[in-house]
Visitor: 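Supplied in structure tokens, the structure appears directly below.
Hydrogens, waters and symmetry mates are skipped; everything else that's a heavy atom, side chains included, is used. Because the structure is a prediction, the values reported are computed rather than measured.
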Amino acid sequence: MSEFHLFVWLYNFFGTLAAINITVVLIHLTAYFSARQLLMHYFIAEGNKKLVPLFSLCYALLPFWTGAELSLAGIPFLLYAFLNLLYFRIEFSNWLIIILFPFVSYLDFSNLFFSIGISLYGIYRMIKIRKINMYFFAALFLFAFISVIVEYRIFLMEFVYQLESNRANPFISNLNYKGVVGTAFKHALYGHYHAYSGQFPIILISVFLGLILGNRKEKTKICLLLLVILFISLLYRLTNWEYYNELTQLIPLLGKFQLRFYVLFPLIWFIVFVISCDIVLRKGKKLYKASVIAMVVFQVTILMFGLNSFDYYKNHFDENCFRYTYFDSNSSSHSTLNEYYYTQMFKQLNFKQKDGDYAVCYGIEPEIIQYNRIHTLDGYFYYYPKKNLYRICEINNYTKVDCDKMYGNRAFLKQVLNQNNSQDLLDYYNIEAIRNYNVSSIFSNRKLNSKKLNCIYSSETENLFVYKIIQE
């Protein structure tokens with residue numbers, strides 16, 4: 001994220017909590033109006049456009065990941081603009097969307113994958129009509145150029161500072177081809193928590209009806225989109241194929257990022273849903289119209305109350321503010337911002353850290369400590385430095401094999417599950433490395449058994465304990 005992002009200024013002006021609240025509202029409003037704009041011009045017959053507000057609501061209520069900002073919520077606007085240019089509908093609003101979108105979204109999260117997808121479709125379209133569309137290519141260049149300017153820090157880190165990320169290759173590749181295919185089907189069916197698309201089960205029912213009632217051309221369109229979805233899932237799961245790391249040695253660029261085209265799932269599944277329902281509606285029978293309205297109502301209900309919010313990992317990481325505020329406020333998996341970051345306790349703690357010193361975390365997320373303006377050696381960022389990973393591995397007494405297994409994962413202080421009561425906890429770590437790397441404190445969610453630690457704060461009710469490492 002750079003200073004060119006709109007949301008950086010929101011955080012600077014309004015503070016974290018207010019900025020997050022504003023972001024959530026903007027995400028869902030943008031999702032609704034972007035879906036509405038797209039459907040008013042594409043994918044649905046003129047006679048069925050009175051249902052566009054209901055369909056748009058199905059997109060707006062998806063539990064979008066707040067960290068992606070408008071990357072997914074606003075992507076229908078982006079598709080609308082590129083399709084207009086591709087079909088020679090040259091309007092100022094198209095260029096305005098393409099210019100502004102990089103300032104409210106992320107190149108590495110969604111825009112790169114959208115650009116590749118729309119480029120492939122654009123080339124296919126031009127080959128089909130045998131006519132080159134320079135407006136389309138100009139739009140692609142403009143979008144790429146502005147994205148690079150807005151995301152300039154990524155390119156500085158990668159090519160100038162040559163910062164090597166912990167999340168670069170090698171990947172954890174332990175699946176044979178059957179495992180890749182099997183998990184790809186599961187991924188296509190349930191999706192990923194960073195890009196919930198709500199396809200199960202209502203959208204799948206609509207697909208079933210569309211395939212039964214549609215003509216050959218309509219069925220082909222649905223099947224092609226389903227094949228695209230499955231291909232995207234195969235690409236994503238390919239990184240866990242047992243021979244994938246060998247492939248990255250031949251093509252090093254593949255080791256720089258995951259093939260996360262699944263971020264397009266909310267858009268693609270939404271289009272599949274609308275096309276399938278449109279096929280049913282065009283049959284003209286009252287029963288069919290009632291079935292579509294029933295599917296939309298059920299879909300809205302499921303999304304609003306988070307009735308089916310797990311992904312293919314069975315994770316429940318959906319960001320459903322409505323459900324967790326009014327119906328499930330005591331959920332163990334969700335909490336308020338102040339509860340999660342212990343903001344009141346850190347104000348009471350008034351922790352002072354010397355310049356150059358670091359803290360490490362034991363059973364607690366380092367981002368909690370970082371939020372409270374304390375530097376940690378451990379962490380989990382997109383560009384978490386690999387040198388810090390090696391330092392954590394050294395502190396953990398990991399071998400190189402153990403350290404290699406941590407690539408792409410959280411570089412945290414290991415937890416000792418079966419500590420001998422007669423043995424000091426810090427004896428399980430490389431105490432010399434701890435001191436060499438200026439680790440002066442440990443934040444934990446439990447009491448630690450060590451004579452080399454001095455407890456300066458404890459709260460058993462909130463499970464927060466702060467220790468200073470005694471210097472010898």
Visitor: In terms of ring plane angle, is the pair Tyr341 and Tyr371 parallel, tilted or perpendicular, where the classes change at 30° and 60°?
Guide: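 If you compare the ring of Tyr341 with that of Tyr371, the planes turn out parallel.
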
Visitor: Quick check: do Val292 and Phe55 have side-chain heavy atoms less than 4.5 Å from each other?
Guide: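 Side chain of Val292 against side chain of Phe55, heavy atoms only: contact under 4.5 Å found.
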
Visitor: Would Phe443 and Tyr342 count as a side-chain contact (heavy atoms from CB on, under 4.5 Å) if you check the C-alpha gap in whole Å, the side-chain angles of each, and the deciding distance to 0.1 Å?
Guide: CA-CA 12 Å; Phe443 289 78; Tyr342 298 107; over 6 Å; no

Visitor: Can you find a heavy atom in the side chain of Leu142 that is under 4.5 Å from one in the side chain of Trp95?
Guide: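 Yes, side chains in contact.
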
Visitor: Using 30° and 60° as the class limits, which term best fits the ring planes of Phe82 and Phe136: parallel, tilted or perpendicular?
Guide: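 Perpendicular: the ring planes of Phe82 and Phe136 meet at over 60°.
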
Visitor: If I compare all heavy atoms of Ala35 with all of Pro76, which pair ends up nearest, and what's the gap?
Guide: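 Closest approach of Ala35 to Pro76: N-CB, 3.9 Å.
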
Visitor: To the nearest 0.5 Å, what is the distance between SG on Cys277 and NZ on Lys289?
Guide: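 Between Cys277 SG and Lys289 NZ, I get 13.0 Å after rounding to 0.5 Å.
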
Visitor: Main chain of Asp108, side chain of Arg260: is a donor-acceptor contact present, judged purely on distance under 3.5 Å?
Guide: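 Flag set: sc Arg260 to bb Asp108 pair under 3.5 Å.
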
Visitor: Do the non-hydrogen side-chain atoms of Ile271 and Leu79 ever get within less than 4.5 Å of each other?
Guide: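 Result yes, sub-4.5 Å side-chain heavy-atom pair found.
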
Visitor: Return the minimal non-hydrogen interatomic distance between Ile368 and Asn372, and the atom names on each side.
Guide: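 It is O-ND2, 2.8 Å.
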
Visitor: Would you say Ser197's side chain and Gln199's backbone share a donor-acceptor pair under 3.5 angstrom?
Guide: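 No.
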
Visitor: Working to the nearest 0.5 Å, report the span between CG of Asp278 and CG of Leu51.
Guide: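 It is 9.5 Å, given to the nearest 0.5 Å.
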
Visitor: If we check ring-ring contact (aromatic ring centres under 6.0 Å, His included) with His194, which of these qualifies: Tyr106, Tyr262, Tyr312, Trp65?
Guide: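 One option only clears the test, and that one is Trp65.
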
Visitor: Using atom types as modelled and distance alone, determine if a side-chain donor or acceptor of Lys283 lies under 3.5 Å from a backbone N or O of Leu213.
Guide: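 Flag set: sc Lys283 to bb Leu213 pair under 3.5 Å.
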
Visitor: Test Leu61 against Val300 for side-chain contact (heavy atoms from CB on, under 4.5 Å), laying out the working first.
Guide: CA-CA 7 Å; Leu61 290 175; Val300 167; 3.5 Å; yes

Visitor: Does Ser119 reach the side chain of Leu140, with side-chain heavy atoms less than 4.5 Å apart?
Guide: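 A side-chain contact under 4.5 Å exists here.
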
Visitor: Would the Tyr243 and Tyr177 ring centres measure less than 6.0 Å apart?
Guide: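 No, ring centres 6.0 Å or more apart.
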
Visitor: Does the side chain of Ile90 reach to within under 4.5 Å of the side chain of Leu85, using non-hydrogen atoms?
Guide: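 Side chain of Ile90 against side chain of Leu85, heavy atoms only: contact under 4.5 Å found.
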
Visitor: Is it the case that atom NZ in Lys49 sees more than 12 heavy atoms from other parts of the structure closer than 6.0 Å?
Guide: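 Yes.
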
Visitor: Backbone N or O of Ile202 within a donor-acceptor pair of the Gln299 side chain at under 3.5 Å?
Guide: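 A pair under 3.5 Å: no.
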
Visitor: Below 4.5 Å, heavy atoms only, C-beta onward: do Asn133 and Tyr87 meet side chain to side chain?
Guide: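 Not in contact.
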
Visitor: For a 4.5 angstrom cut-off between non-hydrogen side-chain atoms, does Val104 reach Glu69?
Guide: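 Of all side-chain heavy-atom pairs linking Glu69 with Val104, none is under 4.5 Å.
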
Visitor: Kindly compute the distance separating CD1 (Ile203) from CE (Met295), expressed to the nearest 0.5 Å.
Guide: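 Those atoms lie 10.5 Å apart.
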
Visitor: Would you name the heavy atoms of Gly74 and Thr30 that are closest together and state the gap between them?
Guide: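 Closest approach of Gly74 to Thr30, heavy atoms only: CA-CG2, 3.7 Å.
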
Visitor: Is the shortest heavy-atom distance from the side chain of Tyr80 to the side chain of Asn94 under 4.5 Å?
Guide: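 Sidechains of Asn94 and Tyr80: in contact.
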
Visitor: Can you say whether the rings of His187 and Tyr236 are parallel (under 30°), tilted (30 to 60°) or perpendicular (over 60°)?
Guide: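 His187 and Tyr236: tilted rings.
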
Visitor: Aromatic rings Tyr358 and His375: how do their planes relate, parallel, tilted or perpendicular, breaks at 30° and 60°?
Guide: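 The arrangement is perpendicular - the two ring planes meet at more than 60°.
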
Visitor: Nearest 0.5 Å, what's the CD1-CD1 distance between Ile123 and Ile118?
Guide: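 Answer for the CD1-CD1 pair, Ile123 versus Ile118, is 11.0 Å.
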
Visitor: Measure from the side-chain N and O atoms of Ser233 to the backbone N and O of Ala188, and report whether any donor-acceptor pair falls under 3.5 Å.
Guide: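 Yes.
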
Visitor: Keeping to residues at least two apart or across chains, list the salt bridge (charged side-chain N to carboxylate O under 4.0 Å, His left out) pairs with something in residues 200-224.
Guide: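 Residue pairs with at least one partner in residues 200-224: Glu218-Arg282.
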
Visitor: Students often mix this up, so state it plainly: with edges at 30° and 60°, are the rings of Tyr135 and Phe88 parallel, tilted or perpendicular?
Guide: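 The rings of Tyr135 and Phe88 stand perpendicular, inter-plane angle above 60°.
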
Visitor: Show your working on side-chain contact (heavy atoms from CB on, under 4.5 Å) between Lys178 and Val181 and close with a plain yes or no.
Guide: CA-CA 5 Å; Lys178 291 182 181 179; Val181 173; 5.9 Å; no

Visitor: Got a sec, which residues hit ring-ring contact (aromatic ring centres under 6.0 Å, His included) with Phe310, two or more places apart in sequence or on another chain?
Guide: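 Only Tyr190, His316 meet the ring-ring contact (aromatic ring centres under 6.0 Å, His included) criterion with Phe310.
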
Visitor: Please give me the minimum heavy-atom distance between Leu78 and Phe143, naming the atom from each residue.
Guide: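 The answer is CD2-CZ, 3.6 Å.
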
Visitor: Could you tell me whether Phe298 atom CZ has more than 12 heavy atoms of other residues or ligands within 6.0 Å of it?
Guide: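 Incorrect, the count does not exceed 12.
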
Visitor: For a quick test of reading the model, state the closest non-hydrogen atom pair linking Cys223 to Leu211 and the distance between them.
Guide: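 It is SG-CD2, 3.9 Å.
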
Visitor: For atom CZ of Phe145, is the number of surrounding heavy atoms from other residues, nucleotides or ligands below 6.0 Å larger than 12?
Guide: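 Open: at most 12 neighbouring heavy atoms sit under 6.0 Å from CZ of Phe145.
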
Visitor: Which of parallel (below 30°), tilted (30 to 60°) and perpendicular (above 60°) describes Trp269 and Phe265?
Guide: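 The arrangement is perpendicular - the two ring planes meet at more than 60°.
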
Visitor: Atom NZ in Lys285, atom OG in Ser291: separation rounded to 0.5 Å?
Guide: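 Output value for this atom pair is 11.5 Å.
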
Visitor: For Tyr340, does its backbone N or O pair with a side-chain atom of Glu365 as donor and acceptor, under 3.5 Å?
Guide: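 No, because the side chain of Glu365 does not come within donor-acceptor range (under 3.5 Å) of the backbone of Tyr340.
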
Visitor: Scan side-chain atoms only and decide if Tyr152 and Glu3 contain a donor-acceptor pair under the 3.5 Å cut-off.
Guide: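 The criterion, which ignores hydrogens and geometry beyond distance, is satisfied for Glu3 and Tyr152.
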
Visitor: Would one find more than 12 heavy atoms of other residues, nucleotides or ligands at under 6.0 Å from atom CD1 of Ile132?
Guide: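 Not buried by this count: 12 neighbours or fewer within 6.0 Å.
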
Visitor: Looking at every non-hydrogen atom in both residues, tell me the closest pair between Gln370 and Thr376 and how far apart they are.
Guide: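 Distance-wise, the nearest heavy atoms are NE2-OG1, 2.7 Å.
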
Visitor: Is the backbone N or O of Ala73 less than 3.5 Å from a side-chain atom of Ser34, with the two atoms forming a donor-acceptor pair by type?
Guide: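 Yes.
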
Visitor: Quick one: does any side-chain atom of Asn111 pair with a main-chain N or O of Pro102 as donor and acceptor, under 3.5 Å?
Guide: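 Answer holds: no.
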
Visitor: For the ring-ring contact (aromatic ring centres under 6.0 Å, His included) test, which of Tyr32, Phe64, Tyr196 pairs with Tyr59?
Guide: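 That would be Phe64; it is the only one of Tyr32, Phe64, Tyr196 passing the ring-ring contact (aromatic ring centres under 6.0 Å, His included) with Tyr59.
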
Visitor: Given side-chain contact (heavy atoms from CB on, under 4.5 Å), test Asn240 with Thr183 step by step and report yes or no.
Guide: CA-CA 10 Å; Asn240 294 106; Thr183 54; over 6 Å; no

Visitor: Classify the ring geometry of Tyr121 against Tyr124: parallel below 30°, tilted from 30° to 60°, perpendicular beyond 60°.
Guide: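 Tyr121 and Tyr124: tilted rings.
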
Visitor: Just how far is it from atom CD1 of Ile98 to atom CD1 of Ile146, taken to the nearest 0.5 Å?
Guide: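 Separation between the atoms: 9.0 Å.
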
